[in-house]
Each structure stands twice: as C-alpha cells, then as structure tokens.
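Data first, discussion second: the structure below is written as structure tokens.
Predicted model, so just to flag it, every value in this text is computed and none were measured. Side-chain atoms are counted along with the backbone in the values below, which use heavy atoms only and exclude waters and symmetry mates.
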Amino acid sequence: QVQLVESGGGLVQAGGSLRLSCVASENSARFNTMAWYRQAPGKQRELVAQTFKSADTNYLDSVKGRFTISRDNAKNAVYLQMNALKPEDTAVYYCNAKRRPLYLRDPGDYWGQGTQVTVSS
C-alpha cells in the first residue's frame with residue numbers, strides 16, 4: 001500500500017519559515033492530486049494547498065502569498081514552503097495523495113501521519 005512520510009515540522013517564531021516534505025512510497029506521478037491539509041485542536045481539518053498533474057495549484061485564502069506547494073515526481077515528493085508564519089498557522093499538517101484505484105481494494109486516497117507546526121507569538 002502507499003505510504004506517505006512527512007517531515008519538517010517544528011516550533012518557530014511568528015514571521016519565520018518552515019519547509020514541509022512528504023515522500024511517497026511509490027511513483028507520485030500516478031497521483032492525480034497531492035495536497036497539504038492541517039488540523040488545529042478543536043477545529044476541522046482544512047485544505048491548505050493542493051497541486052495537480054497539470055501543475056495547477058489551489059490554496060487556502062489565508063495562506064496565499066505566504067505558502068507555496070511544489071511537487072517533484074522524480075523524488076516522489078511534495079513540499080510546502082511556509083513563509084511569514086502566523087500563530088494561527090499552528091496545527092498538525094498532513095500530506096494527502098489521491099489517485100484512481102489501481103487494483104481491487106485500493107482506496108485511492110492516502111494520508112501521512114502528520115507533522116506538528118507550532119508558531120509562537
């Protein structure tokens with residue numbers, strides 16, 4: 001099964017930067033979309049940034065101009081560069097990948113374990 005491994009989270013001061021990485025266990029070019037979600041305590045999980053095979057991207061309004069999602073299929077990886085971080089960006093960030101099922105019982109929707117991002121004021 002597909003596994004997604006995230007890294008790069010940590011504690012930073014407001015205004016600082018972090019770069020999150022997500023590496024897939026198999027060819028990421030097969031995924032129609034790869035994305036980053038986040039979930040803060042007591043809040044619903046929300047889509048932060050998404051990229052498609054076409055290289056088109058989609059961002060949460062509150063992170064536009066600050067966050068950049070990129071994809072490197074040669075490394076089976078997707079990244080999230082986060083600049084000008086704010087305390088409200090504090091959350092667990094999850095990598096997500098979607099594809100059409102390739103075999104019986106392939107869920108076609110995969111999640112990483114999450115990486116904590118904490119932004120202090």
Side-chain angles (χ1 to χ4, degrees):
Q1 293 184 348
V2 174
Q3 294 183 355
L4 305 176
V5 180
E6 301 119 325
S7 62
L11 173 65
V12 297
Q13 192 77 27
S17 298
L18 285 173
R19 190 190 191 213
L20 306 183
S21 298
C22 172
V23 179
S25 62
E26 59 186 75
N27 188 0
S28 63
R30 304 297 296 273
F31 293 107
N32 291 336
T33 69
M34 297 192 76
W36 289 94
Y37 288 73
R38 68 186 183 190
Q39 187 167 23
K43 303 292 185 180
Q44 293 185 339
R45 188 171 297 187
E46 62 183 351
L47 177 65
V48 177
Q50 185 177 37
T51 186
F52 303 86
K53 284 185 176 180
S54 64
D56 287 344
T57 56
N58 179 47
Y59 293 94
L60 182 67
D61 284 344
S62 63
V63 309
K64 288 180 179 178
R66 299 189 297 120
F67 291 10
T68 302
I69 189 169
S70 60
R71 188 171 179 173
D72 186 347
N73 288 333
K75 298 180 179 179
N76 295 331
V78 63
Y79 308 97
L80 185 67
Q81 179 66 47
M82 304 185 294
N83 298 324
L85 283 161
K86 303 175 181 179
E88 51 263 44
D89 295 319
T90 295
V92 177
Y93 284 69
Y94 297 91
C95 182
N96 173 256
K98 293 183 175 66
R99 70 182 184 191
R100 290 189 178 93
L102 300 180
Y103 49 87
L104 186 65
R105 298 181 182 179
D106 180 2
D109 189 357
Y110 301 93
W111 293 89
Q113 294 297 309
T115 185
Q116 177 72 48
V117 171
T118 302
V119 184
S120 62
S121 60

Distance-only, no hydrogens or angles: does the Glu6 side chain make a donor-acceptor pair with backbone N or O of Gly114 under 3.5 Å? yes
Does any donor atom in the side chain of Asn73 or Asn27 lie under 3.5 Å from an acceptor atom in the other side chain? no
Is the shortest heavy-atom distance from the side chain of Leu47 to the side chain of Leu60 under 4.5 Å? no
Same cluster for Leu80 and Tyr94 if Ile/Leu/Val/Met/Phe/Trp/Tyr side chains link at under 4.5 Å? no
Do you know which two heavy atoms are closest between Ala29 and Lys53, and how far apart they sit? O-CE, 3.1 Å
Rounding to 0.5 Å, atoms CZ (Arg19) and OG1 (Thr68) come to a distance of 10.5 Å
Checking Lys64 now: which residues fulfil salt bridge (Lys or Arg N to Asp or Glu O under 4.0 Å) with it, not counting sequence neighbours? Asp61
Using a 6.0 Å cut-off, check whether atom CD of Gln39 has over 12 heavy atoms from anything other than its own residue. yes
Hey, what do you get for SG (Cys22) to CD (Gln113), rounding to the nearest 0.5 Å? 11.5 Å
Yes or no on side-chain contact (heavy atoms from CB on, under 4.5 Å) for Tyr59 and Val48, after CA distance, side-chain angles and deciding distance? CA-CA 6 Å; Tyr59 293 94; Val48 177; 6.0 Å; no
Minimal heavy-atom distance between Thr118 and Gln116, with the atoms involved, is OG1-NE2, 3.3 Å
Shortest non-hydrogen separation from Ala91 to Ala40 and the atoms involved: CB-N, 3.8 Å
So do the side chains of Leu18 and Val117 get within less than 4.5 Å of each other, counting heavy atoms only? yes
Treating Ile, Leu, Val, Met, Phe, Trp and Tyr as nodes and any side-chain heavy-atom pair under 4.5 angstrom as an edge, say whether Tyr103 and Val2 lie in one connected cluster. yes
Identified side-chain hydrogen bond (donor to acceptor under 3.5 Å, both in side chains) counterpart of Arg99 within the set Asp106, Asn32, Asp109: Asp106
Could I get the full list of side-chain hydrogen bond (donor to acceptor under 3.5 Å, both in side chains) partners for Gln81, not counting sequence neighbours? Asn83
Could you tell me which residues satisfy salt bridge (Lys or Arg N to Asp or Glu O under 4.0 Å) with Glu46, sequence neighbours excluded, listed by chain and number? Arg38
A side-chain contact here means heavy atoms from C-beta on lying under 4.5 Å apart; do Arg66 and Met82 qualify? no
Should the heavy atoms of other residues, nucleotides or ligands under 6.0 Å from CD of Gln1 be counted, would the total exceed 12? no
Min side-chain heavy-atom separation Val78-Cys95 under 4.5 Å: yes
Name all pairs fulfilling the ring pair (Phe, Tyr, Trp, His ring centres under 6.0 Å) condition that reach into residues 18-38, sequence neighbours left out, sorted by first residue then second. Tyr37-Trp111
If the condition is side chain to side chain contact (heavy atoms under 4.5 Å, CB included), which residues does Asp72 pass it with, not counting sequence neighbours? Ala74, Lys75, Tyr79
Arg30 atom CZ: more than 12 heavy-atom contacts under 6.0 Å: no
Does Thr115 reach the main-chain N or O of Gly9 with its side chain, forming a donor-acceptor pair under 3.5 Å? yes
For the student: nearest non-hydrogen atoms of Gln13 and Ser120, plus distance: OE1-OG, 3.1 Å
Closest approach of Ser28 and Arg71, non-hydrogen atoms and distance? O-NH2, 2.6 Å
So, using salt bridge (Lys or Arg N to Asp or Glu O under 4.0 Å) as the criterion, who are the partners of Asp56 when residues are at least two apart? none
Within-4.5 Å side-chain heavy-atom neighbours: Val23 and Leu4: no
Please step through side-chain contact (heavy atoms from CB on, under 4.5 Å) for the pair Thr57 and Phe52, ending with a clear verdict. CA-CA 6 Å; Thr57 56; Phe52 303 86; over 6 Å; no
OG1-NZ distance between Thr90 and Lys43, expressed to the nearest 0.5 angstrom: 12.5 Å
